[in-house]
Protein chains: 2
Amino acid sequence: MDEQSFSLGDVKDYLLQKGINPSYQRLKILEYLMNSTSHPTVDTMYRTLSKAIPTLSKTTIYNTLDLFMKKELITGLTIEENEVRYDANLSQHAHFKCLKCGRVFDIPGDFFPQIGNTVCEHIVKEKHFYMKGICKYCASRSA
Amino acid sequence: MDEQSFSLGDVKDYLLQKGINPSYQRLKILEYLMNSTSHPTVDTMYRTLSKAIPTLSKTTIYNTLDLFMKKELITGLTIEENEVRYDANLSQHAHFKCLKCGRVFDIPGDFFPQIGNTVCEHIVKEKHFYMKGICKYCASRSA
DNA sequence: TTCTCTGCAAACGCTTTGCACGGAT
DNA sequence: ATCCGTGCAAAGCGTTTGCAGAGAA
């Protein structure tokens with residue numbers, strides 16, 4: 001958790017506004033996502049949230065994330081095969097994955113080409129842009 | 001297979017030039033990839049190539065693709081979780097995945113932002129850009 | 001009661017690993 | 001004999017499914 005900007009109350013209001021029953025599990029999962037910029041995997045969420053909710057199961061996390069995605073509160077990001085990461089930041093932004101430490105960073109700014117609704121006659125619904133390399137922390141550590 | 005432009009001989013020369021022992025399996029796998037623009041998954045390759053090589057195993061395909069990636073003959077693309085696709089087209093290009101039929105198309109042209117070697121102080125090694133939507137074939141079919 | 005939410009356990013599917021056979025040198 | 005390539009079988013791991021118990025209305 002990076003900087004605690006959203007309270008449980010904020011999160012509850014948000015869920016209610018989106019027409020989602022704010023159960024404790026859902027509140028805590030969304031709170032975690034909204035206060036995180038690290039694009040956690042299900043396993044990361046599970047290991048962290050288990051401390052606060054010892055009975056929490058991964059099934060509930062999957063169920064909840066599916067619900068949030070269906071209701072468009074979050075998006076899933078695919079950078080690596082074998083793991084999906086989740087992001088509550090819905091603004092169009094790029095991602096950077098460090099090949100050393102594995103962390104995923106948001107890259108602000110509009111890097112997205114100004115293509116219209118179609119490209120090569122295909123209808124575009126989503127655009128995804130990500131980079132891989134060595135993050136500034138790993139770079140300075142090995143320098 | 002889309003348009004037969006590379007012969008087995010071409011592929012053999014390419015393997016030798018890259019310092020890879022051109023076994024029959026390796027030849028056929030690379031031939032398939034070089035003559036395909038459909039970014040096949042391992043399963044697609046397996047089902048297709050099994051016809052020509054009945055004893056072929058998926059293990060060999062995985063071994064071979066790992067080798068090709070290590071030697072930088074091909075790249076792996078991650079658009080969906082749960083499946084890796086492979087591409088022998090090493091030029092920087094974008095991809096488009098159809099949400100209906102699931103096919104992945106190459107999108108030619110330089111859609112990549114002209115960022116330098118670093119972004120937000122991170123060292124960039126790879127850039128990936130892909131879109132999702134409805135491809136022209138599915139769009140015309142349902143129109 | 002009825003409907004929803006939760007979570008254990010098992011199933012699934014793609015990928016990786018262990019290991020042994022076979023061909024080439 | 002040695003080395004490399006191949007491929008069967010089993011294990012691994014993230015995710016999904018089946019289903020039953022708990023909780024709210």
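The structure presented is a predicted model; accordingly, all values stated were derived computationally and were not measured. In what follows, every chain begins at residue 1, and chains take the letters A, B, ... in the order their sequences are listed. Hydrogens, waters and symmetry mates are skipped; everything else that's a heavy atom, side chains included, is used.
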_Taking 4.0 Å as the cut-off, does a side-chain nitrogen or oxygen of S57(A) come that near to OP1 or OP2 on dT6(C)?_
no
Other residues, nucleotides, ligands: >12 heavy atoms within 6.0 Å of [X] [atom1]:
{"X": "K12(B)", "atom1": "NZ", "result": "no"}
{"X": "E121(B)", "atom1": "CD", "result": "no"}
{"X": "K125(B)", "atom1": "NZ", "result": "no"}

_Segment of DNA chain D, first to last nucleotide, that comes within the 4.0 Å heavy-atom reach of chain A_ = dG14(D) to dT17(D)
*Using a heavy-atom cut-off of under 4.0 Å over every strand shown, decide if T60(A) touches base, sugar-phosphate, or nothing.*
base
*Base, sugar-phosphate, or nothing: which does T41(B) touch, judged by heavy atoms less than 4.0 Å apart?*
nothing
_Letter per nucleotide, 5' to 3', of nucleotides 9-25 of chain C [B base touched, S only sugar-phosphate touched, - untouched; heavy atoms, 4.0 Å]_ = B----SBBB--------
*What residues join I79(B) in its hydrophobic cluster, counting side-chain heavy atom gaps under 4.5 Å, either direct or through other members?*
L77(A), I79(A), V104(A), Y130(A), L77(B), V104(B), Y130(B)
*Might you work through the salt bridge (Lys or Arg N to Asp or Glu O under 4.0 Å) test for E80(A) and K132(A), ending with a clear yes or no?*
CA-CA 10 Å; E80(A) 299 301 333; K132(A) 295 186 187 181; 3.2 Å; yes
*How would you list, by chain and number, every residue that makes a side-chain contact (heavy atoms from CB on, under 4.5 Å) with D10(B), sequence neighbours excluded?*
F6(B), S7(B)
*asked:* My understanding is that only residues two or more places apart in sequence, or in another chain, count here; which of them pass side-chain contact (heavy atoms from CB on, under 4.5 Å) with T44(B)?
replied: Y32(B), P40(B), T41(B), R47(B), T48(B)
_Contact list for residues 72-104 of chain B, test ring pair (Phe, Tyr, Trp, His ring centres under 6.0 Å), sequence neighbours left out_ = H122(A)-F96(B), H39(B)-H95(B), H93(B)-H95(B)
